[in-house]
Amino acid sequence: MRNLAKELSKCKHPNSRKTKALTKKAKRIIVRNENTQTQNLKRSVIASKVQWFLDHIDNCITKCTATQTKELINSYLSRFDEELEQIAIKQSIGNRKKRQHANREDIIKMTISREREEYSTSGLEMPNIMNEADLAAFRLWDGDLISLQHLKLTRIS
């Protein structure tokens, strides 16, 4: 990108073919970087969800049943309950009219509503823990974003 800026500064006329070609090349690089950042953000969101499931699955289980999976999903959907209670306690203390942790509370509530809606409609995307081979492969995952694509994720509703 630095070389492009240097070459653009050497161009004398703003409408020359060389200037237009360099501008087009710079735009392509910028769009590619933005797309990469978007993909990394999506992967990190999925990775944090998958990591939560990895942390909360019992190590002695080789294959989860439907009821165990449902319990795990319900505990995933209620993972913010304690934090919301803490925020409510802090807000009830004193005679403050402003909400102290309003931003965090709003983010949590939006996340909860989005995930519950996703679970009830199309299903929650999570690792396939009801299959023995997939669960074994899931336990071998090291938390890397690139190796996340090798995990088999299913939608469970």
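For this chain, numbers begin at 1 and follow the sequence in order.
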- Would you indicate whether the side-chain heavy atoms of I61 and D58 approach each other to under 4.5 Å? yes
- Query: To the nearest 0.5 Å, how far apart are CG in L153 and CG in L124?
  - Reply: 10.5 Å
- Task: Check whether any side-chain heavy atom of N131 lies under 4.5 Å from a side-chain heavy atom of T154, and answer yes or no.
- Result: no
- Would E105 and K90 pass as an ion pair if we require N to O under 4.0 Å? no
- Note on the structure: In short, Q68 meets T65 closest at the heavy-atom pair OE1-N, 3.0 Å
- Query: Does some side-chain heavy atom of C11 sit less than 4.5 Å from a side-chain heavy atom of L22?
  - Reply: yes
- Between D55 and Q51, does any side-chain donor sit less than 3.5 Å from a side-chain acceptor? yes
- Rounded to the nearest 0.5 angstrom, the CG-CZ distance for L84 and R79 is 11.0 Å
- Query: Is it the case that one hydrophobic cluster holds both I108 and I73, taking links as side-chain heavy atoms less than 4.5 Å apart, direct or via other members?
  - Reply: no
- Item | E115/K49 under salt bridge (Lys or Arg N to Asp or Glu O under 4.0 Å): CA gap, chis, key distance, verdict | CA-CA 11 Å; E115 287 175 347; K49 181 193 303 186; 5.8 Å; no
- Which value, rounded to the nearest 0.5 Å, describes the distance between R32 atom CZ and N35 atom CG? 10.0 Å
- Task: State, with a plain yes or no, whether a side-chain heavy atom of N40 is found less than 4.5 Å away from one of Q37.
- Result: no
- Query: If you round to the nearest 0.5 Å, how far is OG1 of T121 from CZ of R116?
  - Reply: 13.5 Å
- Query: Do M126 and I112 share a hydrophobic cluster (ILVMFWY, side-chain heavy atoms under 4.5 Å, transitive)?
  - Reply: no
- Message: What's the separation between atom CD1 in I87 and atom OG in S92, rounded to the nearest 0.5 Å?
- Response: 12.0 Å
- Can you list every pair that meets salt bridge (Lys or Arg N to Asp or Glu O under 4.0 Å) and has a residue in residues 117-134, with sequence neighbours left out? E118-R155
- Message: Within the 4.5 Å heavy-atom criterion, are R43 and I46 side-chain neighbours or not?
- Response: no
- Do other residues, nucleotides or ligands put more than 12 heavy atoms under 6.0 Å from the CZ atom of R17? no
- Check: R28 and K24 side chains under 4.5 Å, non-hydrogen atoms: yes
- Contacts satisfying ring-ring contact (aromatic ring centres under 6.0 Å, His included) that involve residues 25-75 (not counting sequence neighbours) are W52-H56, W52-Y76, F53-Y76
- Item | G123 versus S157, closest heavy-atom pair with distance | CA-CB, 3.6 Å
- Message: So, taking the atom named OG in S122 and the one named CD1 in I156, what distance separates them when rounded to the nearest 0.5 Å?
- Response: 12.0 Å
- Item | Co-membership, hydrophobic cluster, residues Y119 and M130, 4.5 Å side-chain | yes
- How about R139 and N59: do any of their side-chain heavy atoms sit closer than 4.5 Å? yes
- Message: Are R104 and E83 packed together at the side-chain level, in the sense that at least one heavy-atom pair is separated by less than 4.5 angstrom?
- Response: yes
- Are the side chain of S16 and the backbone of T19 linked by a donor-acceptor contact shorter than 3.5 Å? yes
Side chains of residues 143-151: which donor-acceptor partners sit under 3.5 Å, not counting sequence neighbours?
from, atom 1, to, atom 2, distance (Å)
S147, OG, W141, NE1, 3.4
S147, OG, D142, OD1, 3.2
S147, OG, D144, O, 3.2

- Query: Which atom pair, heavy atoms only, marks the closest approach of L135 to T62?
  - Reply: CD2-O, 3.2 Å
